[in-house]
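Worksheet: the structure to be examined is printed underneath.
In listed order, ligands and their atoms are each counted from 1.
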Amino acid sequence: MKMSVIGCGYLGAVHAAAMAELGHEVVGVDVEQAKVDALSASRPPFYEPGFEELLGRAMELGRLSFSTDISAAAGSRVHFVCVGTPQRRGEYGADLQYVHSATEALLEVLNPGEVVVGKSTVPVGTAAELAEVVTGKVPGALLAWNPEFLREGFAVQDTLHPDRLVYGLPEGTGGEAACSVLDEVYARIVEAGTPKVVTDYATAEMVKVAANSFLATKISFINAMAELCEATGADVKQLADAIGHDDRIGRKFLNAGLGFGGGCLPKDIRAFMARAGELGADQALTFLREVDSINMRRRIRMVELAREVCDGSLMGKRITVLGAAFKPMSDDIRDSPALNVAAQLQLRGANVCVTDPAALDNCRRSWPQLDYAATPQEAADRADAVLLLTEWQEYQDLDPVEFGGVVRQRRVLDGRNALDRDKWEAAGWAYRALGRRAA
Ligand code: UDX
C-alpha cells in the first residue's frame with residue numbers, strides 16, 4: 001500500500017521504515033531539511049538500536065523515501081500523523097501546533113477514500129475535532145486514531161511486534177472502511193495474533209495517556225516506598241523484588257531510583273491533568289500531581305545525598321556523572337533526570353564531568369556549561385564522588401577495582417540501583433543508593 005508518514009522523529013522515522021519492512025511503499029515527510037537529508041542517505045538522525053539496519057534495508061529495496069515537500073504524500077492511501085506534542089511553555093497542556101499544521105498541510109493533498117491516521121499522543125477530544133476539519137474539507141476522507149506505544153531503545157521491536165493494536169474509529173460505515181484499511185496496513189501484525197482493540201476516538205486517545213499514567217504511577221509508587229525505606233532503614237530493592245513476586249503487581253517498572261524522564265511520561269501526565277481540568281474532571285487525576293512531585297523529589301534527594309557523601313559541601317568537589325540520556329539505549333536527553341541532577345550539582349559549586357555512550361553530542365548542544373568526557377575513566381579522573389544516573393550496561397559492567405584506581409575518593413552513588421553493591425563495597429567503595437541504607 002502507498003502511504004505517507006508526516007513527522008520523522010523517533011516515532012515517525014521508525015514507523016515509516018517499519019511500514020516499508022511490512023511491504024508498503026512509504027514516503028516520510030518532515031519540515032526539517034537536515035533530518036530528511038540524513039534519512040535519505042540512510043543515516044539515522046538519532047540513536048535507536050536496530051533502526052539503521054531497518055532503514056538501510058527499506059532504502060535499498062526502494063520502498064522508502066523522504067521529502068520536505070508535502071506534495072510527496074499525494075496519492076497515498078493512508079497518511080500517518082506522527083508529529084510531536086510537547087508540553088506548552090509555562091503550562092501543563094500539550095502544544096498541538098504541529099498536529100494542526102500537519103493536518104492543514106495534508107488537506108492540500110488529501111482525496112476522498114484516503115485515511116488520515118493519528119499516532120501522536122493528544123488530549124482526548126482532539127481526534128473528533130480533527131475529523132470535522134478533515135471531512136469538512138475533503139468529504140469522503142476518513143480519520144482514525146491509532147496510538148503508538150513504542151519505547152525508545154526498543155522502538156523497532158515495539159513497532160514491528162506491538163503487544164496490542166488500538167484503532168479509534170468514527171461511527172458507521174466510515175469506521176468499517178477505516179478498520180479494513182488499518183487491517184491491511186498491519187496485515188502481518190494482525191495475522192500474528194496481536195490483540196486488537198477497536199473503539200471510538202476518545203477511548204483510543206485515552207488508552208495512550210492512561211497507559212503512560214499507570215507506568216508513571218508505578219515508578220513513583222516504588223520511589224515513594226524508597227523515601228520510606230530511607231526513613232526506616234529498609235531496603236527498597238528487596239521490597240520491590242518481594243512485592244513483584246505477586247503476579248497481580250509484577251516486578252516490571254518497580255525499579256526505584258532517580259525516576260522517570262524523557263519526551264513522554266512527564267509531559268503526558270501533565271497534559272492529562274490539564275485536559276481533565278478543562279473537562280471538569282480534575283479531581284480524578286489529582287493523584288498524578290503527587291506522582292509528578294514524588295518523581296521530581298528524587299532528583300533533589302540525589303543532589304542532597306551527593307552533598308552528604310562529599311563531607312557536607314559540594315563546593316569545588318569533582319563529581320563524575322555516568323549517564324546523561326533519560327534512560328539507557330537512547331541518546332534522548334529530553335527531561336533527563338541525570339542531566340537535571342548534573343546541572344544542580346554544578347550550580348552548587350561542584351565541578352561536574354558527564355559521560356554517556358550515546359548522548360554526548362546532544363548534551364554539548366543543550367548543556368554547554370557542563371564538562372564532558374568520552375569514557376568513564378576520563379570522566380572519573382581524580383573524582384571525589386561517582387554518580388551512576390543512567391544505567392547503561394557498560395557502567396554496570398565496570399570493574400570497581402580497576403575503576404577505583406582512577407578516582408580520588410572511592411565513593412559511588414547508585415542513582416538507579418543498578419550496580420552490584422557487594423562487588424563495589426568489596427573493592428573499597430563507599431556505596432550509597434536511593435532507598436537503601438548506608439553500610
Ligand atoms: C514510554 C512508554 O513506556 C511507552 O509505552 C510510550 O509509548 C512512550 O513513553 P519511553 O519514554 O521510551 O516509553 O521510556 P520507558 O522505558 O517507559 O521509561 C521512562 C522513564 O522511566 C525512564 O526515565 C526510565 O529510566 C524510568 N523508569 C522506568 C524508572 O525509573 N523505573 C522503572 O522501573 C522503569
Side-chain angles (χ1 to χ4, degrees), residues 9-12 14-15 46-49 51 82 84-86 119-122 146-159 161-166 204-205 207-226 236-237 239-241 243-244 249-272 291-292 294-299 301-302 322-341 356 359 388-393 395-396 414-418 433-435:
Y10 285 99
L11 164 59
V14 175
H15 187 69
F46 47 79
Y47 175 93
E48 181 61 48
F51 177 55
C82 295
T85 51
K119 292 198 81 69
S120 306
T121 305
V122 291
N146 170 224
E148 178 59 54
F149 304 98
L150 68 81
R151 297 160 297 168
E152 286 177 26
F154 301 91
V156 172
Q157 157 80 13
D158 287 350
T159 308
H161 307 280
D163 44 23
R164 79 287 214 187
L165 290 167
V166 177
E205 290 165 319
V207 169
K208 175 62 193 247
V209 278
N212 277 355
S213 297
F214 190 87
L215 295 172
T217 303
K218 208 169 172 194
I219 298 168
S220 277
F221 172 83
I222 200 64
N223 282 332
M225 295 304 112
V236 75
K237 207 168 173 180
L239 178 81
D241 289 343
I243 63 174
I249 296 174
R251 181 61 178 82
K252 288 183 185 158
F253 271 68
L254 280 186
N255 293 321
L258 255 195
F260 58 83
C264 291
L265 262 44
K267 67 111 175 145
D268 284 355
I269 61 168
R270 293 175 193 151
F272 200 18
V291 165
D292 204 0
I294 293 166
N295 193 52
M296 298 312 279
R297 275 209 299 274
R298 294 285 75 192
R299 303 176 184 188
R301 175 68 187 129
M302 193 68 206
L322 301 180
F326 85 102
K327 67 172 195 181
M329 310 295 277
S330 170
D331 66 351
D332 195 345
I333 56 167
R334 285 176 293 172
D335 201 356
S336 164
L339 275 177
N340 183 299
V341 167
D356 189 282
L388 175 88
L389 301 186
T390 309
E391 70 280 29
W392 286 91
Q393 190 60 47
Y395 302 153
Q396 298 182 49
D414 184 356
R416 293 289 178 183
N417 281 309
L434 297 171

Okay, side chain of Thr85, backbone of Thr121: is any donor-acceptor separation there less than 3.5 Å? yes

May I ask you to identify, for Asp158, whether its side chain, its backbone, both or neither come under 4.0 Å of ligand 1 on a heavy-atom basis? neither

To check your reading of the model: name the closest protein heavy atom to atom 16 (O) of ligand 1, its residue, and the distance in Å. Lys327 NZ, 2.9 Å

For Lys252 and ligand 1, answer yes if some heavy atom of the residue is under 4.0 Å from a ligand atom, otherwise no. no

Should Pro337 be counted as touching ligand 1, given the test is an N or O pair under 3.5 Å? no

With backbone taken as N, CA, C and O and side chain as the heavy atoms from C-beta onward, which portion of Leu150 lies under 4.0 Å from ligand 1: side chain, backbone, both, or neither? backbone

Option of least heavy-atom distance to atom 17 (O) of ligand 1 (set: Phe260, Phe253, Phe149): Phe253

Any chance the rings of Phe51 and Phe46 have centres within less than 6.0 Å? yes

Atom pair CG (Leu258) and OG (Ser336), whose distance is rounded to the nearest 0.5 Å: 8.5 Å

Taking only heavy atoms of Leu265 into account, list the atoms of ligand 1 that are under 4.0 Å away from them. 1 (C), 9 (O), 19 (C)

Tell me if the CZ atom of Phe149 is crowded by more than 12 foreign heavy atoms within 6.0 Å. yes

Hey, does Glu391 sit under 4.0 Å from ligand 1 if you only count heavy atoms? no

Does even one non-hydrogen atom of Gly257 get within less than 4.0 Å of ligand 1? no

Ignoring hydrogens and geometry, is there a side-chain-to-backbone donor-acceptor pair from Glu48 to Phe154 under 3.5 Å? yes

Looking at Asn417 and Leu434, would you say the former's side chain and the latter's main chain have a donor-acceptor pair under 3.5 Å? yes

What's the shortest distance from atom 31 (N) of ligand 1 to any protein heavy atom, and which residue and atom give it? Asn255 O, 3.1 Å

Val166 backbone acceptor or donor facing Asn146 side chain under 3.5 Å: yes

Which atoms of ligand 1 are found less than 4.0 Å from any heavy atom of Glu148? 7 (O)

Just distances here: any N/O of Cys264 and N/O of ligand 1 closer than 3.5 Å? no

Tell me the protein heavy atom at minimum distance from atom 30 (O) of ligand 1, and give that distance in Å. Arg416 NH1, 3.2 Å

Atom 12 (O) of ligand 1 has as its nearest protein heavy atom Glu152 N, 2.7 Å

Is there a donor-acceptor pair under 3.5 Å between the side chain of Arg416 and the backbone N or O of Ala256? no

Has ligand 1 got any nitrogen or oxygen that is less than 3.5 angstrom from a nitrogen or oxygen of Arg151? no

Looking only at protein heavy atoms, what sits closest to atom 2 (C) of ligand 1 is Asn212 OD1, 3.6 Å

Report yes if some N/O of Ile219 lies less than 3.5 Å from some N/O of ligand 1; otherwise report no. no

Using only atom types and a distance under 3.5 Å, with no angle test, would you say the side chain of Arg251 pairs donor to acceptor with the backbone of Leu254? yes

Kindly say whether Asn212 contributes a backbone atom to a donor-acceptor pair with the side chain of Asp268 at under 3.5 angstrom? no

Using a 4.0 Å cutoff against the non-hydrogen atoms of Lys208, which atoms of ligand 1 qualify? 6 (C), 7 (O)

